[in-house]
Every structure is written in structure tokens, then in C-alpha cells.
Amino acid sequence: MKRKKERGRPRSPEVNRKILDATMKVMGRSGYAAMSIEEVAAEAGVSRPTIYLRYPGKAELATAALASYRDRGRPAETGDTRADLVARLRHFRRGVERPFGMAMIGSVLAEEHATPELLLLFRERVVEPRRDELREVLEHARGRGELKEGADTEAALNMLVGSYYAQYLAGKPFPNGWPEAVVDTVLEGLNERRL
């Protein structure tokens with residue numbers, strides 16, 4: 001059986017990376033509301049149709065750019081629950097602290113009423129995948145018998161991620177060993193105590 005030939009040229013991953021990087025720069029500079037596809041195209045050195053072939057609108061483009069940064073340098077799971085959670089919190093922090101990271105999150109939240117699809121896509125492409133990575137580590141720990149019966153892993157996820165925002169919004173510098181201290185505190189509440 002013959003395979004159908006795909007129409008047109010295949011989309012270049014390099015061009016896509018340029019578009020996503022340009023989107024991050026423009027959002028960092030201008031914010032989501034002021035960002036335009038024209039400005040992103042100029043920054044990336046591509047045409048508007050090149051962007052629209054990949055992303056049907058501004059919300060899809062913005063969240064794809066944010067998701068692409070989330071995926072960079074993602075740590076592999078080792079099977080050591082503490083080490084894996086610490087590595088994921090460090091990765092999360094690096095992602096949020098990239099240039100203009102918190103400002104971009106603020107822009108997404110500020111647009112909730114005017115552009116609700118932006119927040120929905122942000123949750124789908126950025127927030128939930130990060131939570132899923134942490135959830136997977138905790139579920140593997142549960143499978144190894146490391147968590148006590150009825151341990152609330154959803155509350156633990158909120159504490160792990162929320163600890164960053166709480167520290168940031170308090171305006172205090174992050175102490176050395178911040179991710180280790182957070183993970184140890186959360187695991188103390190989840191761990192099966194052996195007598």
C-alpha cells in the first residue's frame with residue numbers, strides 16, 4: 001500500500017525554535033497583551049504566515065513558547081524520591097526565574113477575563129505537565145511503599161509548587177538548600193513511619 005505524500009515542505013524544528021524564542025523575548029519585553037504576531041515574526045526573522053501555519057492565534061503561540069521552556073533540561077527520574085523531587089523543584093525554579101518569568105505568569109493571570117483561553121492553555125500546557133512530573137514521582141514512591149496509607153499527594157503537590165510562590169511573594173531571598181528543606185518537610189508528612 002502506497003503512503004500518501006504530505007503536501008508542502010516539512011516544518012523546520014529550527015524555525016519553530018526561533019519563533020518560540022522570539023515569542024519569549026517579545027512577551028518579556030512587551031507583555032502578553034501588547035505582544036503582536038507581527039512583532040514576533042520580525043524578532044524571529046520569519047513571516048506572519050510561517051507563524052500562523054504552526055499556531056492559529058496569539059494564545060496558542062504564547063503558551064507553546066512557555067511550554068517549550070518548561071521542557072528544556074527536564075531531569076530524569078532516578079527512583080530516589082527525595083532527590084527526584086529536589087531536582088524537579090530546582091528545574092521548576094529555573095523555569096520560573098528565566099528572564100521575565102514571573103512577569104509572564106502575571107500577564108497570563110491578568111488576561112484571565114479578557115482572554116480566558118490563554119489561562120486555560122497555560123494550565124494545560126505548562127501547569128499540569130509540571131504537576132504531572134511531581135505527581136509521577138510521588139506515585140512511584142507510593143508504589144514502592146514509601147508513603148503512608150491515605151497520604152494526600154495532591155496537597156503535597158500544592159505545597160511543593162506553592163512554596164516557591166510564597167517565598168517569592170514574601171520578597172525574601174531564597175535560602176541555600178531551599179528545595180531540600182521544602183521536600184524534607186513535605187516528605188515528613190507523607191512518609192510511612194516504620195517502627
Side-chain angles (χ1 to χ4, degrees), residues 13-14 16-25 27-28 61-109 118-194:
E14 293 80 25
N16 202 52
R17 173 65 58 215
K18 283 170 60 175
I19 291 168
L20 296 177
D21 287 346
T23 303
M24 292 297 287
K25 285 181 189 168
M27 275 199 302
L61 175 60
T63 54
L66 290 166
S68 76
Y69 271 71
R70 183 203 79 232
D71 292 337
R72 294 178 188 185
R74 183 184 314 168
E77 193 171 344
T78 66
D80 178 329
T81 302
R82 181 180 187 271
D84 289 339
L85 290 173
V86 166
R88 274 157 185 72
L89 276 189
R90 283 191 180 128
H91 183 247
F92 168 74
R93 183 178 175 190
R94 278 193 305 273
V96 174
E97 290 181 351
R98 68 190 173 280
F100 308 109
M102 284 298 282
M104 281 186 241
I105 292 170
S107 292
V108 168
L109 294 172
L118 176 65
L119 184 54
L120 291 173
L121 286 168
F122 180 73
R123 286 176 175 148
E124 177 187 308
R125 293 179 174 174
V126 179
V127 175
E128 277 310 309
R130 278 218 190 272
R131 290 175 63 86
D132 286 345
E133 289 173 23
L134 290 164
R135 185 180 290 113
E136 187 173 273
V137 172
L138 292 173
E139 289 308 318
H140 289 159
R142 186 188 304 279
R144 291 189 297 267
E146 296 174 14
L147 306 187
K148 64 185 175 187
E149 179 103 14
D152 188 345
T153 55
E154 289 304 305
L157 290 174
N158 290 336
M159 290 178 212
L160 289 165
V161 174
S163 65
Y164 174 84
Y165 296 111
Q167 185 75 28
Y168 181 90
L169 292 172
K172 297 179 181 176
F174 282 80
N176 290 334
W178 165 78
E180 290 86 355
V182 170
V183 167
D184 289 345
T185 301
V186 170
L187 286 179
E188 187 176 328
L190 295 174
N191 283 346
E192 184 64 64
R193 286 176 174 72
R194 306 203 189 281

Practice problem: Assess whether side-chain contact (heavy atoms from CB on, under 4.5 Å) is satisfied between His140 and Glu146, documenting all intermediate values. | Solution: CA-CA 9 Å; His140 289 159; Glu146 296 174 14; over 6 Å; no
Item to check | Worked verdict on His91 versus Arg94 for side-chain contact (heavy atoms from CB on, under 4.5 Å) | outcome: CA-CA 5 Å; His91 183 247; Arg94 278 193 305 273; 3.8 Å; yes
_Before you tell me yes or no, could you show the steps for Glu154 and Arg131 under salt bridge (charged side-chain N to carboxylate O under 4.0 Å, His left out), namely the whole-Å CA-CA distance, both residues' side-chain angles and the distance that decides it to 0.1 Å?_
CA-CA 9 Å; Glu154 289 304 305; Arg131 290 175 63 86; 3.3 Å; yes
Kindly determine whether Ile105 and Leu66 satisfy side-chain contact (heavy atoms from CB on, under 4.5 Å), including the steps that lead there.
-> CA-CA 9 Å; Ile105 292 170; Leu66 290 166; over 6 Å; no
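Interatomic distance, Asn16 CG to Glu14 CD, rounded to the nearest 0.5 Å: 10.0 Å. Rounded to the nearest 0.5 Å, atoms CG (Asp152) and CG (Leu147) are 11.0 Å apart. Remark: Leu134 CG to Thr153 OG1 distance equals 10.5 Å, nearest 0.5 Å. Met24 CE to Leu61 CG: the interatomic distance, rounded to the nearest 0.5 Å, is 11.0 Å.
Arg130 is not listed as a side-chain neighbour of Val161, based on a closest heavy-atom distance of 4.5 Å or more. Side chains of Tyr164 and Leu89 form no contact here, defined as non-hydrogen atoms less than 4.5 Å apart. Side-chain atoms of Arg88 and Arg74, non-hydrogen and from C-beta on, never get closer than 4.5 Å to each other. For the pair Tyr168/Val96, no side-chain contact is recorded, criterion being any heavy-atom separation below 4.5 Å from C-beta on. Here the side chains of Arg135 and Asp132 are in contact, with some heavy-atom distance below 4.5 Å. No side-chain heavy atom of Phe92 sits less than 4.5 Å from a side-chain heavy atom of Glu133.
Nearest heavy atom pair, residue Val108 against residue Leu118, reads CA-CD2, 3.9 Å. For the residue pair Thr81 and Arg144, the shortest heavy atom distance occurs at OG1-NH2, 2.6 Å. Across every non-hydrogen atom of Thr23 and Ala62, the tightest pair is CG2-CA, 4.1 Å. Between Val182 and Met159, the closest heavy-atom pair is CG1-O, 4.4 Å. In terms of heavy atoms, Ser163 sits closest to Leu160 at OG-O, 2.8 Å. For the residue pair Arg142 and Ala151, the shortest heavy atom distance occurs at NH2-O, 3.1 Å.
Paired with Val186 under the rule side-chain contact (heavy atoms from CB on, under 4.5 Å), one option of Asp184, Val183, Leu190 passes, and it is Leu190.
Few gaps surround CZ on Phe174; more than 12 heavy atoms of other groups in view lie less than 6.0 Å from it.
At distances below 3.5 Å, not a single donor-acceptor pair connects side-chain atoms of Asp84 with backbone N or O atoms of Glu77.
Between Asp21 and Lys18, no side-chain nitrogen of the basic residue sits less than 4.0 Å from a carboxylate oxygen of the acidic one, so the salt-bridge criterion is not met.
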